[in-house]
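Read the structure below first, then the notes.
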Amino acid sequence: MSLPTDFEWGFATAAYQIEGAVAEGGRGPSIWDTFCHLEPSKTKGDNGDVACDHYHRYKEDFGLLSSYGAKAYRFSIAWSRIIPLGGRNDPVNEEGIEFYNNLIDSLLERGITPWVTLHHWDLPQGLHDRYGGWLNLEEIQLDFEHFARICFSRFGDRVRRWITLNEPFIIAIYGYATGGNAPGHVSNTEPWTVGKSLILSHARAVSVYEREFRATQKGQIGISLNGDFYEPWDENDDRDKAAAQRRMEFHVGWFGDPIYLAQDYPKAMRAQLGSRLPEFTDAEFALLRETKDLVDFYGQNYYTAQYARHREEPAHLNDYLGNVTETQTNKQGVSIGAESGIHWLRSSPPQFRKFFSWIYARYGRAIYVTENGCPCPGEDKMTKEESVNDQYRIDYFEAHLDAISQAVKEDGVDIKGYFAWSLFDNMEWSDGYGVRFGVTYTDYETLERTPKRSATFLKETFKTRLAGVNGHETNGHATNGHKVNGTKV
Ligand code: GBH
């Protein structure tokens with residue numbers, strides 16, 4: 001179960017989930033600050049005001065990263081620390097720039113490669129108030145472009161890996177269809193408008209990077225999409241097979257097809273959503289064509305898989321799944337995987353492996369796993385001593401890393417890196433602090449961090465996997481005659 005020796009690996013986090021210090025260093029409010037202070041609470045009474053206090057403790061946290069052997073670290077920039085009001089004509093906050101400069105420098109001093117996500121859900125409240133944020137296609141893409149340019153110009157001399165957006169599907173659907181995430185809108189038109197804004201904002205950031213920075217900075221840029229892998233509920237029913245495909249097109253293809261193929265949204269989406277799915281103009285298609293081959297990698301956040309069952313009746317107006325019913329057991333009653341500490345996540349490594357082939361066949365791009373992880377069953381109720389003994393998480397990581405090895409060596413998929421979610425337990429958005437995804441236990445009373453066993457497991461397993469099966473250094477090529485690593489099969 002070896003991996004190429006140059007395989008990148010580390011841990012991922014997001015600004016709002018860990019930083020705290022929301023009113024310090026000149027930071028402006030984001031839609032998540034507002035959302036977490038609504039009454040009655042939509043976030044289990046929790047908020048990110050303090051979170052893990054990473055803002056003040058990042059040096060200690062990077063000590064942990066080093067002790068875990070991480071080669072890379074994925075974090076996000078809080079837009080409202082850089083531009084407190086968010087807009088292209090608003091002042092830049094030098095204190096915010098300095099915070100991220102220090103962060104980047106201390107990573108580099110430790111030999112850890114920074115992977116920077118420009119936007120992980122914490123839209124400046126100022127832009128939401130001014131023009132509706134992602135709902136205003138014309139304004140938001142210009143403001144995002146400006147924000148991206150500032151980040152490239154101020155950090156790009158040292159940052160060589162950029163992720164434009166984290167999970168546009170979640171931003172659009174949970175923010176504007178279900179209302180489960182900030183800004184909490186419930187609509188059956190807004191998510192599709194927001195989706196288009198996200199696609200074009202991404203493309204503009206890629207274009208700016210190409211025109212103004214790539215030649216000197218020589219970095220790479222991509223986007224992180226999320227999506228489960230779907231199996232047919234009845235494997236003998238063609239309608240369920242089609243439902244599984246359709247579901248993945250609604251999840252991944254919605255963004256992947258325009259971004260990586262410069263194509264319109266998947267046909268199944270057009271068919272179901274009609275004019276609620278905004279068209280791309282000729283100029284917008286030109287931008288997508290210009291940028292599609294400039295996106296260096298495909299980032300995948302993967303947590304679980306599900307079954308998809310077709311529905312007889314026409315799609316409901318509020319449907320965003322592709323008119324399927326999602327289940328965790330199939331027609332025979334077989335579970336998609338072992339239950340974790342959160343209802344939506346069951347450990348599904350075989351589907352992880354299948355998903356890589358699905359993505360690679362469709363987009364043919366180098367893949368980085370930009371998030372993967374889980375909470376252990378019952379972990380929300382555990383003491384520290386119980387939580388650090390996280391055998392379920394160890395098994396989960398091991399099986400998912402095995403799936404990556406198989407996808408690389410046997411299926412010929414070009415997978416270049418892996419980020420475990422997350423470095424430590426943190427603010428799990430609408431689930432608050434109860435749900436623990438960390439390889440480090442966070443005591444939210446004292447803010448003490450304690451490594452869980454899974455942190456040591458990852459360090460050891462990558463040492464072994466990257467050294468090759470027999471302990472010999474490998475060049476990343478399988479010895480069984482199959483071509484791997486970047487060679488499409
Ligand atoms: C990622 O989202 C995020 O990028 C990261 O910030 C987060 O901490 C991590 O996952 C762990 O959750 O069935 O209605 O309860 C993953 C996307 C969105 C997937 C919510 C599961 C379940 C919603 N997740 N979804 S529900």
Side-chain angles (χ1 to χ4, degrees), residues 11-19 30 32 35-36 42-44 46 48 51-52 54 74-78 115 117-123 163-182 184 186 191 198 223-230 247-248 250-252 254-255 299-306 318 320-321 325-328 336-337 339-348 351-352 355 368-376 379-380 393 396 400 419-440 442:
F11 300 88
T13 63
Y16 189 70
Q17 295 180 272
I18 64 167
E19 283 181 5
S30 81
W32 271 95
F35 193 70
C36 289
K42 295 189 166 198
T43 53
K44 310 251 159 86
D46 291 336
C52 304
H54 177 72
R74 174 180 176 226
F75 65 95
S76 79
I77 291 182
W115 279 65
T117 308
L118 289 173
H119 185 67
H120 197 127
W121 307 358
D122 46 358
L123 184 78
I163 292 168
T164 54
L165 301 169
N166 181 71
E167 302 186 346
F169 179 95
I170 300 296
I171 297 175
I173 295 299
Y174 284 81
Y176 300 85
T178 73
N181 281 1
V186 177
L198 291 162
I223 184 168
S224 290
L225 302 185
N226 71 291
D228 304 347
F229 185 85
Y230 288 81
R247 178 69 191 95
M248 291 190 280
F250 270 69
H251 230 150
V252 173
W254 178 8
F255 299 96
Q300 176 67 29
N301 295 352
Y302 179 84
Y303 289 92
T304 195
Q306 299 187 66
N318 295 331
Y320 52 82
L321 304 174
T325 302
E326 300 178 319
T327 63
Q328 292 177 307
I336 197 74
E339 288 180 38
S340 72
I342 190 154
H343 68 92
W344 56 264
L345 196 164
R346 294 189 184 189
S347 179
S348 317
Q351 287 72 25
F352 195 28
F355 207 4
Y368 286 89
V369 177
T370 42
E371 288 178 25
N372 177 240
C374 63
C376 299
E379 197 172 359
D380 53 331
R393 183 175 287 107
Y396 179 99
H400 285 78
F419 293 85
W421 184 272
S422 179
L423 177 58
F424 32 53
D425 298 333
N426 58 44
M427 168 61 181
E428 181 52 28
W429 306 109
S430 58
D431 282 316
Y433 293 102
V435 180
R436 296 176 177 271
F437 273 86
V439 299
T440 309
T442 307

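For ligands, and for the atoms within them, numbers begin at 1 and follow the listed sequence.
Every N/O-N/O distance between Trp121 and ligand 1 stays at or above 3.5 Å.
Remark: Asp380 does not engage Arg436 in a salt bridge, criterion side-chain N to carboxylate O under 4.0 Å.
Across Trp344, Tyr303, Trp421, heavy-atom proximity to atom 10 (O) of ligand 1 is greatest for Tyr303. By heavy-atom distance, the residue among Glu326, Glu371, Glu428, Met427 lying nearest atom 5 (C) of ligand 1 is Glu371.
Listed by chain and residue number, Asp33 satisfy the side-chain hydrogen bond (donor to acceptor under 3.5 Å, both in side chains) test with Ser30 (two or more places apart in sequence, or in another chain). Residues satisfying the ring-ring contact (aromatic ring centres under 6.0 Å, His included) criterion with Trp429, sequence neighbours excluded, are Trp32, His120, Trp121.
For the pair Ile336 and Gln306, the minimum side-chain heavy-atom distance is 4.5 Å or more. In this structure, the side chains of Asn426 and Thr442 stay at 4.5 Å or more apart for every pair of heavy atoms. Tyr303 places a side-chain heavy atom less than 4.5 Å from the side chain of Phe437.
At the shortest separation from atom 26 (S) of ligand 1 among protein heavy atoms lies His343 CE1, 3.9 Å. For atom 25 (N) of ligand 1, the nearest non-hydrogen atom of the protein is Tyr174 OH, 3.8 Å. Glu167 OE1, 3.5 Å is the protein heavy atom nearest to atom 17 (C) of ligand 1. Scanning the protein for heavy atoms near atom 18 (C) of ligand 1, the closest one is Ile170 CD1, 3.5 Å.
Heavy-atom proximity to Asn166, at under 4.0 Å, picks out these atoms of ligand 1: 4 (O). Listed by number with element, the atoms of ligand 1 under 4.0 Å from a non-hydrogen atom of Phe437 are 11 (C), 12 (O).
The shortest heavy-atom contact between Val186 and Thr178 is CG2-O, 3.7 Å.
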